[in-house]
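Down below is the structure, laid out as structure tokens.
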Amino acid sequence: MAKKRVNVVTMGCSKNLVDSEVLLNQLEKGKFEVLHDSNETNFDAVFVNTCGFIHDAKQESIDMILDYAEAKKRGEIDKLYVMGCLSERYHNELEAELPEVDKYFGKFDMKAMVEELKVTYAPEYIYERKITTPSHFAYLKISEGCNRSCSFCAIPKMTGRHKSRTIESLVKETRYLAKKGVKELLLIAQDLSYYGIDLYGKNQLAELINEVSKVEGIEWIRLHYLYPTKFPMEILPVMRENPKVCKYLDMPLQHISNRVLKNMLRHVTREETEALIAKIKEEVPEVVIRTTMLVGFPGETEEDFNELKEFVQEQKFGRLGVFPYSDEDGTYAAKKFDDNLPEEVKQARADEIMEVQQYISAELNQQKVGKEFDVIIDRKESDYYVGRTEFDSPEVDGEVYITTDEELKNGTIVKVKITGAEDYDLYGELI
């Protein structure tokens, strides 16, 4: 008898991807044939793992649900299920608007999802996953939820309060990933800066990093999403001294104008932010900081925006992304402030910041020409091998294109001399 087939489609962030990988593993243990983000049809069931972060992401999730609803009408799939953040937050509304979906599941309904397909839920396998990324890197989700109260963000309404996982469970999962061939571990959470406080009474991120770094096979550890407020300073010596920890910090700052920061409820000032950045660079001189800015927040004046632009020019962040503001249902900002800036103004401001960053990135990349870096190989493309330095995270940062006659395996870490640079990407040759 042919195995029943399931496709899990992941929208949004890497935290969602981890949930999809756990579900795929549970269903595969239950003797299903499982696929991820497949364009094929003829499935017994499709799960759409939705994102509810910002308006555009929500719309993409809804469009994907509608596409599969049409496929169901055509008889190409049997059952359609929706899971994840959008389903967690708008369950009743979605059920009313899209009755074609067989069932909606919240973000934390893993057991119910597995049992819906008549598979016995196996809690002993909950930290095992079917890895969908290239096999040499994987995400490790160290906590759920968020205790921050940023006025623009709806995520705490979907994910709830911050809940850290134990160090023991995370080390166990890391060992599993290492046995699967993972060499680069990306620690992710909505807020790494809060890790451990709820479980241990104090921040334990440094302790966690040290423990997972002891796992044989793990070569690089990368940190995503630290907040500047109550930043865990104890991780800086670890980053400086532990050779497995990438000198890379993903720390979304959102803005720098004190007035805007106050309205965003970020609980940090420009002065505190600048002092923190200076301290990080002093403690870890080689560090590359990735950050995110939010432009067009209600009431953001031309003066506020220019202050942000000048700050970006001064700091010369290694990596930077920008989002135009959008009202999110139920947030403090949506209730208290008038979203009165035209969309074209918001987008123009985002484009202007990214234009500044493009010049900065080009300048920083030119400074790397002639220097040597360790590079992890991600794939082969035409005549090049494509990889990343420790200062580049997969999918969001630049890449290194390497010329060599040698045959290189994905996941191999090699020494490369940089021979050329573009705005975001580098060219190099094997040493």
Side-chain angles (χ1 to χ4, degrees), residues 13-15 18 107-108 126-127 138-150 153 155-178 185-215 218 220-254 261 264-269 271-285 287 289-292:
C13 68
S14 50
K15 297 186 289 294
V18 171
K107 185 166 173 57
F108 306 107
I126 198 64
Y127 300 130
Y139 298 96
L140 183 70
K141 183 161 59 168
I142 71 171
S143 64
E144 288 282 7
C146 184
N147 283 12
R148 309 285 181 176
S149 56
C150 303
C153 184
I155 287 175
K157 296 180 182 300
M158 293 176 270
T159 60
R161 301 280 291 171
H162 183 103
K163 293 184 184 68
S164 301
R165 289 178 52 195
T166 66
I167 291 175
E168 292 76 17
S169 72
L170 292 164
V171 170
K172 180 180 177 182
E173 184 168 341
T174 301
R175 289 197 187 107
Y176 170 82
L177 294 170
L185 194 67
L186 296 95
L187 270 57
I188 56 167
Q190 188 59 32
D191 182 9
L192 289 182
S193 299
Y194 205 88
Y195 175 75
I197 293 173
D198 54 321
L199 278 183
Y200 305 107
K202 61 180 181 177
N203 190 289
Q204 286 287 77
L205 183 58
E207 178 69 14
L208 172 65
I209 294 168
N210 278 328
E211 289 303 310
V212 296
S213 76
K214 295 174 185 175
V215 175
I218 298 300
W220 285 3
I221 297 169
R222 192 180 298 281
L223 307 179
H224 275 282
Y225 318 128
L226 288 119
Y227 277 56
T229 313
K230 296 185 179 176
F231 183 91
M233 304 301 287
E234 57 271 24
I235 71 168
L236 298 179
V238 176
M239 180 172 285
R240 183 179 65 243
E241 296 161 15
N242 188 324
K244 289 189 177 183
V245 183
C246 295
K247 293 176 176 60
Y248 176 101
L249 277 179
D250 192 337
M251 183 171 65
L253 296 177
Q254 309 302 357
L261 288 170
M264 285 181 168
L265 301 182
R266 292 288 285 175
H267 304 293
V268 71
T269 65
E271 293 73 23
E272 290 166 339
T273 301
E274 289 176 327
L276 173 61
I277 293 170
K279 183 64 175 174
I280 291 170
K281 290 179 177 178
E282 177 191 335
E283 292 277 334
V284 191
V287 72
I289 298 175
R290 158 171 272 281
T291 193
T292 309

Please examine the side chains of [Y] and [X], heavy atoms only from C-beta on, and report whether any two atoms are closer than 4.5 Å.
X: Ser149; Y: His267; answer: yes
X: His224; Y: Leu187; answer: no
X: Gln190; Y: Thr159; answer: no

So which atom in [X] and which in [Y] form the shortest heavy-atom distance, rounded to 0.1 Å?
X: Met239; Y: Tyr248; value: CE-O, 3.7 Å
X: Arg266; Y: Cys150; value: NH1-SG, 3.3 Å
X: Ile218; Y: Ala178; value: CD1-CB, 4.1 Å
X: Val238; Y: Ala206; value: CG2-CB, 4.0 Å
X: Pro252; Y: Tyr225; value: CD-CA, 4.2 Å
X: Leu261; Y: Thr269; value: CD1-C, 4.0 Å

Exercise for review: Determine, stepwise, if the pair Val212 / Ile221 fulfils side chain to side chain contact (heavy atoms under 4.5 Å, CB included).
Suggested key: CA-CA 9 Å; Val212 296; Ile221 297 169; 3.8 Å; yes
Practice item. Scan for ring-ring contact (aromatic ring centres under 6.0 Å, His included) pairs involving residues 186-208, sequence neighbours excluded, and state none if there are none. Key: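 Sorted result for residues 186-208: His162-Tyr194.
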I need the [X] [atom1] to [Y] [atom2] distance, nearest 0.5 Å.
X: Leu226; Y: Asp191; atom1: CG; atom2: CG; value: 7.5 Å
X: Lys230; Y: Asn147; atom1: NZ; atom2: CG; value: 10.0 Å
X: Leu205; Y: Ile235; atom1: CG; atom2: CD1; value: 5.5 Å
X: Leu253; Y: Arg290; atom1: CG; atom2: CZ; value: 12.0 Å
X: Arg175; Y: Leu177; atom1: CZ; atom2: CG; value: 12.0 Å
X: Asp250; Y: Arg222; atom1: CG; atom2: CZ; value: 10.0 Å

Exercise for review: Might you work through the side chain to side chain contact (heavy atoms under 4.5 Å, CB included) test for Thr166 and Leu199, ending with a clear yes or no?
Suggested key: CA-CA 8 Å; Thr166 66; Leu199 278 183; 4.0 Å; yes
**Study point:** Stepwise side chain to side chain contact (heavy atoms under 4.5 Å, CB included) test for Tyr139 and Lys15
**Key:** CA-CA 8 Å; Tyr139 298 96; Lys15 297 186 289 294; over 6 Å; no
**Study point:** Lys247 atom NZ, neighbour heavy-atom count above 12 within 6.0 Å
**Key:**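 Counting neighbours around NZ of Lys247, more than 12 heavy atoms of other residues, nucleotides or ligands fall under 6.0 Å, so yes.
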Check your understanding: Got more than 12 heavy atoms from elsewhere within 6.0 Å of NZ, Lys281?
Key -> yes
Report yes or no: does [X] contribute a side-chain atom to a donor-acceptor pair with the main-chain N or O of [Y] at less than 3.5 Å?
X: Lys244; Y: Ser213; result: yes
X: Thr292; Y: Met251; result: no
X: Asn203; Y: Ser193; result: yes
X: Ser164; Y: Gly196; result: yes
X: Thr174; Y: Leu170; result: yes

Review point. Only one of Glu283, Glu282, Glu234 forms a salt bridge (Lys or Arg N to Asp or Glu O under 4.0 Å) with Arg240, so which one is it?
Key: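 Among the candidates, only Glu283 passes.
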Exercise for review: Quick one: list whatever passes side-chain hydrogen bond (donor to acceptor under 3.5 Å, both in side chains) with Lys214, sequence neighbours left out.
Suggested key: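 In terms of side-chain hydrogen bond (donor to acceptor under 3.5 Å, both in side chains), with neighbours along the sequence ignored, Lys214 is linked to Glu211.
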Exercise for review: Please step through side chain to side chain contact (heavy atoms under 4.5 Å, CB included) for the pair Leu249 and Phe231, ending with a clear verdict.
Suggested key: CA-CA 11 Å; Leu249 277 179; Phe231 183 91; 3.9 Å; yes
Review point. Is Arg161 salt-bridged to Glu144, going by a charged N under 4.0 Å from an acidic O?
Key: no
